[in-house]
Q: 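Submitted below is the structure of interest, expressed as structure tokens.
Reminder, nothing fancy here: chain letters follow the sequence lines and each chain counts from 1.
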Number of protein chains: 2
Amino acid sequence: MADVGESGSTRTARYLLALYIAEHRTSPPVAPGRVAETLDRSPAAATEMLQRLAADGLVVREPYEGATLTDAGRARASDLHETYVALSWFFRDVLGLDEHEREAMELAGLVSPAVAERLAHLLFEDLDGEARSDDSDASPTREP
Amino acid sequence: MADVGESGSTRTARYLLALYIAEHRTSPPVAPGRVAETLDRSPAAATEMLQRLAADGLVVREPYEGATLTDAGRARASDLHETYVALSWFFRDVLGLDEHEREAMELAGLVSPAVAERLAHLLFEDLDGEARSDDSDASPTREP
DNA sequence: TTTTTATTTTAGGTCTGCCTAAATGGCGGT
DNA sequence: ACCGCCATTTAGGCAGACCTAAAATAAAAA
């Protein structure tokens, strides 16, 4: 009874995010193998989670084909993706991390909505700053 | 086989951190009830985790008394605490979050060492900046 | 000392997320 | 049409982290 109680605690977020990103690269039915690969899990695990997401109405699953995000799923995934982008940016441009994408992927589903939102703000502010001081300078965020 | 495989994946970190903080407030043997309360878990859960930590050599447990961090445990907890402080600072002074402490507590064990380290750097830089421009100004980090 | 009360511990169960090994389905080549 | 191969799925298990309810224990009250 500790969690929010709803669908999509912790780990499922990663799957949603992976699905979301995959759908933007190739046409929608995303194969479990694909998901398994990007998340470094067994194919069986991916299939299982896809079934779970389907049960929660976040994806539609076509057996032996793959899964496609539903509107609900896409909404969730979209938020996650926003957080992911913000985190990725932060880890790369502010902290100077190499593994910014993986790190962002892992944390995107774990930070609270509040953090996600404020972080996105930071990112937008930074983009804004960049746009104004536009003399093709390398990195305005992190000084060399 | 995905994780590091060792002692102290995910959740145990929270217990270590709670223990570390508790030990700094009152004398060492920290009662399970205490831990349970601060982590919002059942007493049974706390007892169980304390036993686990004891099995991993991170605490010494005195039944019906509580647990005390071993050197190994304290080392781990100390790192965690550093991350916790950095995160807490970041959430409060940079993101302006209310729940900075809880949030920091939850994430401290989840961010990679790399993130922890760089974040700590940021904090020290900020403290340094504060120290130099020392005319008792309220908050140099976040403008009012 | 005996009883009461508060706390801790054990017992038994659940749920999530994952794995390996063994089916099973889909498809291309012959 | 049949055979193999590869991807997916099922089956069966396992460990972590949690819970509730029922013992056990320590400490305070009577």
Side-chain angles (χ1 to χ4, degrees), chain A residues 1-19 22 26-56 58-68 76 80 105-110, chain B residues 1-19 22 26-56 58-68 76 80 105-110:
Chain A
M1 223 190 257
D3 269 40
V4 210
E6 277 290 295
S7 64
S9 37
T10 54
R11 304 301 217 279
T12 67
R14 299 224 237 275
Y15 285 85
L16 282 176
L17 192 46
L19 245 11
T26 65
S27 49
V30 181
R34 215 34 208 298
V35 179
E37 175 116 21
T38 65
L39 295 182
D40 199 40
R41 298 277 176 277
S42 75
T47 295
E48 196 182 324
M49 285 305 280
L50 256 31
Q51 291 171 338
R52 196 126 37 125
L53 292 175
D56 289 355
L58 298 171
V59 304
V60 171
R61 204 175 78 89
E62 201 69 39
Y64 291 95
E65 285 277 319
T68 307
R76 288 274 319 272
L80 249 10
M105 185 104 93
E106 278 169 24
L107 288 177
L110 299 168
Chain B
M1 223 188 256
D3 270 38
V4 210
E6 277 289 295
S7 65
S9 38
T10 53
R11 304 301 218 277
T12 67
R14 300 224 236 277
Y15 287 85
L16 282 175
L17 192 47
L19 247 10
T26 64
S27 49
V30 180
R34 235 347 234 307
V35 178
E37 175 116 20
T38 65
L39 294 182
D40 198 40
R41 297 277 174 279
S42 75
T47 296
E48 196 182 325
M49 285 305 282
L50 256 30
Q51 289 171 340
R52 195 122 46 116
L53 292 176
D56 290 356
L58 297 171
V59 304
V60 171
R61 203 174 78 90
E62 202 69 40
Y64 291 95
E65 284 278 317
T68 307
R76 288 274 319 273
L80 248 10
M105 184 104 93
E106 276 169 25
L107 287 176
L110 298 168

Q: Assuming nearest nucleotide by heavy-atom distance, tell me which of A:G33 and B:Y15 is located more 5' along DNA chain D.
A: A:G33
Q: Taking only N and O in the side chain of A:R61, is any of them less than 4.0 Å away from OP1 or OP2 of D:dT9?
A: yes
Q: Answer yes or no: does a side-chain N or O of B:T47 lie under 4.0 Å from OP1 or OP2 of C:dT8?
A: no
Q: For A:Q51 and D:dT8, is the shortest distance between a side-chain N/O and OP1 or OP2 below 4.0 Å?
A: no
Q: Is A:R14 close enough to C:dG17 that one of its side-chain N or O atoms is under 4.0 Å from OP1 or OP2 there?
A: no
Q: With a cut-off of less than 4.0 Å, is there a side-chain N or O of A:R52 near OP1 or OP2 of C:dG17?
A: yes
Q: For a quick test of reading the model: is some side-chain N or O of A:S42 closer than 4.0 Å to OP1 or OP2 of C:dC19?
A: yes
Q: Rounded to whole angstroms, how far apart are CZ on B:R41 and P on D:dC19?
A: 6 Å
Q: Taking OP1 and OP2 of D:dG16, is either one under 4.0 Å from a side-chain nitrogen or oxygen of B:R11?
A: no
Q: What pairs of donor and acceptor atoms, side-chain ones from residues 30-39 of chain A against any protein atom, are under 3.5 angstrom apart with sequence neighbours left out?
A:
{"unit_1": "A:R34", "atom_1": "NH1", "unit_2": "A:T26", "atom_2": "OG1", "d": "3.0"}
{"unit_1": "A:T38", "atom_1": "OG1", "unit_2": "A:V35", "atom_2": "O", "d": "3.1"}

Q: Among all residues two or more places apart in sequence or in another chain, which pass the side-chain contact (heavy atoms from CB on, under 4.5 Å) test with B:A44?
A: B:S42
Q: In whole Å, what is the span from the CG atom of B:D40 to the P atom of D:dA17?
A: 17 Å
Q: Nearest heavy atom decides the nucleotide; on that basis, is B:R34 or A:E48 closer to the 5' end of DNA chain C?
A: B:R34
Q: By the 4.0 Å heavy-atom rule, please label B:A44 as base, sugar-phosphate, or nothing.
A: base
Q: Are any side-chain N or O atoms of B:R14 and backbone N or O atoms of B:E106, one a donor and one an acceptor, separated by less than 3.5 Å?
A: yes
Q: Write down the protein N/O and nucleotide N/O pairs, taken from nucleotides 25-29 of chain D, whose separation is under 3.5 Å; answer none if there are no such pairs.
A:
{"unit_1": "D:dT25", "atom_1": "O4'", "unit_2": "B:Y64", "atom_2": "OH", "d": "3.4"}

Q: Applying a 4.0 Å non-hydrogen cut-off, can you work out what A:A31 is touching in the nucleic acid: base, sugar-phosphate, or nothing?
A: sugar-phosphate
